[in-house]
Amino acid sequence: MESVLQSLLEVARNPAPAVTAWKQGTNGKVIGWLPIYVPEELIHAAGALPVSLWGGSTEIARADAHLQGFACSVVRSVLEYGLKGTYNMVDGFIFPSTCDHIQNTSDIWAAVFPGRPKFDLVYPANRQSKASAAYLERLFTGLQEWLAALTGSAASEGRLRESIGIYNHYRALSAELAALRSSRPECMSDLEFSLITKSALFLEKTEYNRRLAELLPWLARRTVRPRPKVRLVATGIMAEPQGILQVIDELGGAVVADDLALGARILRAPADETLPPLSALVDRHLRLGPCSTLYDCRKERGSHLLGLAARHNADGVLFLSMKFCEAEDFDYPVLKAELEAAGLPLLLLEVEQQMSALGQVRTRLQAFLEILAQGAGR
Ligand code: SF4
């Protein structure tokens, strides 16, 4: 089982060999999608491999010639990887209308890579509108047609049903992994959890499901660290740079639940398999949330975090604020007020993927965890 675990960690650290091997083995197309929400099932049903492009810790050299310095590190590193040729094996790109930064990058991408197929997935701003479902159905049909033209294979209703089942199984297994992290955090480090979750973004999901299903019983019996003194809920776009997770681990803490975009958010809401397949994907999108990038006048993120902390017996919340991410910045004051009113400690840490020095982060985390440990009495 150790080799299965290591294979997943390796895919997350260096996805290119796994993606290239899939492409060579199947002669299929690779479709890259940017954060946060894309109905991957449509790509899977078209016989292509969906891979998720969330940037990385690469040094930004060429992208700054095209993007302003105050663009977030996700879009800057995605463009950098594109310019460096890291995505040369990717046949088509999907840009969801997540935020201004991704929408602007989509336009820049078209100018920089005019010959590379791209689809703009422009979501309805207001998901509470009655027109949203019909609009989404047309949008997803357009995506299906684009995929069919690119792959040369139109997904039948049966194939889409099958893909929806595979993705629901993926979400169920991921929920088991998340439950294990909370009930026995000593069985894997926070970094291992994060990398296992991330590896799913580059593997064909039947294959990922097989490996994760094998791994879960073994992980449940494994012990790699003492029981944590402090239990945290992490929220934000992603827990990167991943050195932050190692610092938490070293300080005797553990993330026992999360509300990260590159984490629990994309794994929420199984598709309803009793609905016609396209309607099931539309319905799923309408049920996603709470998320800073999805308009929701009810502002439920604060209560969602309070619920997570209560269910997972967490001592505090860590808000990993991606530098220059306006969507997340707008949510922060609202949820800070709600968490303070409920007496749940909160630490805001500003992060970006290119951060290398973690000294300040360590100092602030240490102080936060010491205060929480006194209260937790573990
Ligand atoms: S981190 Fe924020 S600003 Fe950057 S791509 Fe994601 S949602 Fe957009």
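Both ligands and their constituent atoms are indexed starting at 1 by order of listing.
A side-chain contact (heavy atoms from CB on, under 4.5 Å) with Leu318 is found for exactly one of Thr235, Leu348, Leu369, Leu347, namely Leu347.
For the pair Glu338 and Lys299, the salt-bridge criterion is not met [side-chain N within less than 4.0 Å of a carboxylate O].
A search for ring-ring contact (aromatic ring centres under 6.0 Å, His included) contacts involving Tyr167 returns His44, Tyr170, not counting sequence neighbours. Scored by the side-chain hydrogen bond (donor to acceptor under 3.5 Å, both in side chains) test, Arg227 finds Glu186 as partners (sequence neighbours excluded).
Between Phe119 and Phe93, the ring center distance fails the sub-6.0 Å criterion.
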Kindly list each side-chain donor-acceptor pair under 3.5 angstrom involving residues 212-224, sequence neighbours excluded, with atom names and distances?
from   : atom 1 : to     : atom 2 : distance (Å)
Glu214 : OE2    : Arg210 : NH1    : 2.8
Arg221 : NH1    : Pro217 : O      : 3.3
Arg222 : NH1    : Cys187 : O      : 3.0
Arg222 : NH1    : Glu192 : OE1    : 3.1
Arg222 : NH2    : Glu192 : OE2    : 3.0
Thr223 : OG1    : Arg184 : NH2    : 2.9

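The number of protein N/O/S atoms found under 2.8 Å from atom 8 (Fe) of ligand 1 is 1.
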